[in-house]
Amino acid sequence: MLNVILFGPPGSGKGTQATKLKEHFNLIHISTGDLLRGEIKNETPLGVEAQNFMDKGLLVPDEIIIGMISSKIDENQDSNGIICDGFPRTVAQAEALDNLLDVKSSKIAGLVALEVGEEELKTRLLERGKTSGRSDDTDLATIERRIVEYKEKTAPVANYYKADDKYVSVAGEGSIDEIFENLKQVFEALSAG
Ligand code: AMP
């Protein structure tokens with residue numbers, strides 16, 4: 001199985017690239033942000049709880065996320081692999097993910113980080129907010145809070161995988177197709193082991 005974490009700050013293009021990569025490599029794309037927005041839309045208790053955090057630009061508690069990831073991994077045991085988009089976002093989530101995969105005799109092949117400058121992130125998110133219908137993309141203070149959460153809680157996840165020699169970085173600025181070409185090469189290398 002080719003299990004890859006597509007990593008990067010909010011607005012770095014993870015969702016856009018994951019959609020292209022899953023087609024090309026026939027992988028399952030799991031986005032915790034999309035799963036949470038689905039729960040909110042369906043007005044589930046989990047959605048109601050998560051929304052309080054998401055509206056403020058804060059991370060949703062680990063227990064909620066780990067439970068969601070666990071059931072998604074169970075559902076996709078027979079796939080060619082998973083692109084993890086938007087998780088793990090904390091070291092506790094990374095440890096839980098490793099354990100969940102370990103039980104299935106599987107593992108993360110690599111963490112691929114999209115590098116994008118902070119001003120570019122803000123511009124992209126505000127632009128996306130015009131059409132995404134996401135309240136967390138329209139308000140600059142919420143966007144900035146999400147970037148702070150990323151720096152404080154999510155960036156350390158890269159070090160967790162660096163320690164295991166599983167970290168690869170890719171330039172995340174440029175055209176979508178250019179970035180995709182670079183990501184394709186990285187995924188090919190990871191799948192070759
Ligand atoms: P995203 O669509 O990945 O930008 O996520 C939108 C929001 O959902 C984030 O700002 C968090 O509030 C929440 N969220 C998504 N994934 C996670 C995660 N793995 N851990 C904690 N919160 C998350």
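Just follow the structure's listing: the first ligand is 1, and inside any ligand the first atom is 1.
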- Just grab all the salt bridge (Lys or Arg N to Asp or Glu O under 4.0 Å) pairs involving residues 79-105, residues at least two apart or on different chains.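 Of all non-adjacent pairs touching residues 79-105, those that pass salt bridge (Lys or Arg N to Asp or Glu O under 4.0 Å) are Asp74-Lys104.
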- Just say parallel, tilted or perpendicular for the rings of His24 and Phe180, cut-offs at 30° and 60°.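 Because their plane-to-plane angle is over 60°, the rings of His24 and Phe180 count as perpendicular.
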- Show which atoms of ligand 1 fall inside a sub-4.0 Å distance from at least one heavy-atom site of Gly33.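 Those atoms are 2 (O), 5 (O), 15 (C), 16 (N).
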So which heavy atom in the protein is nearest [atom], and how far is it from that ligand atom?
{"atom": "atom 5 (O) of ligand 1", "answer": "Arg89 NH2, 3.5 Å"}
{"atom": "atom 14 (N) of ligand 1", "answer": "Leu36 CD1, 3.5 Å"}
{"atom": "atom 8 (O) of ligand 1", "answer": "Met54 CE, 3.4 Å"}
{"atom": "atom 11 (C) of ligand 1", "answer": "Leu58 O, 3.6 Å"}

Closest by any non-hydrogen atom to [atom]: pick that one out of [options].
{"atom": "atom 20 (N) of ligand 1", "options": "Gln93, Arg37, Lys56, Lys153", "value": "Gln93"}
{"atom": "atom 6 (C) of ligand 1", "options": "Arg134, Met68, Arg146", "value": "Arg134"}
{"atom": "atom 22 (N) of ligand 1", "options": "Val60, Thr32, Asn52, Asp55", "value": "Val60"}

- Query: Side chains of Ser79 and Asn76: do they bring a donor and an acceptor to under 3.5 Å?
  - Reply: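 Looking only at side-chain atoms, Asn76 and Ser79 do not form any donor-acceptor pair under 3.5 Å.
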- Task: Please indicate whether any nitrogen or oxygen in Phe87 is less than 3.5 Å from any nitrogen or oxygen in ligand 1.
- Result: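 No; the residue has no nitrogen or oxygen that sits under 3.5 Å from a nitrogen or oxygen of the ligand.
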- What about Phe187 and Phe25, are their ring centers closer than 6.0 Å?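 Phe187 vs Phe25: aromatic centres under 6.0 Å.
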- Of all the heavy-atom pairs spanning Met54 and Asp136, show the shortest one and how long it is.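 The answer is O-CB, 3.9 Å.
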- Message: Below 4.0 Å, non-hydrogen atoms only: which portion of Ile65 touches ligand 1? Side chain, backbone, both or neither.
- Response: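 Only the side chain of Ile65 comes within reach of ligand 1.
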- Message: Please determine whether a side-chain nitrogen of the Lys or Arg among Asp55 and Arg145 lies less than 4.0 Å from a carboxylate oxygen of the Asp or Glu.
- Response: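 No, no charged N to carboxylate O under 4.0 Å.
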- Sub-3.5 Å donor-acceptor pair from the side chain of Ser70 to the main-chain atoms of Ile66, do we have one?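 Flag not set: sc Ser70 to bb Ile66 has no pair under 3.5 Å.
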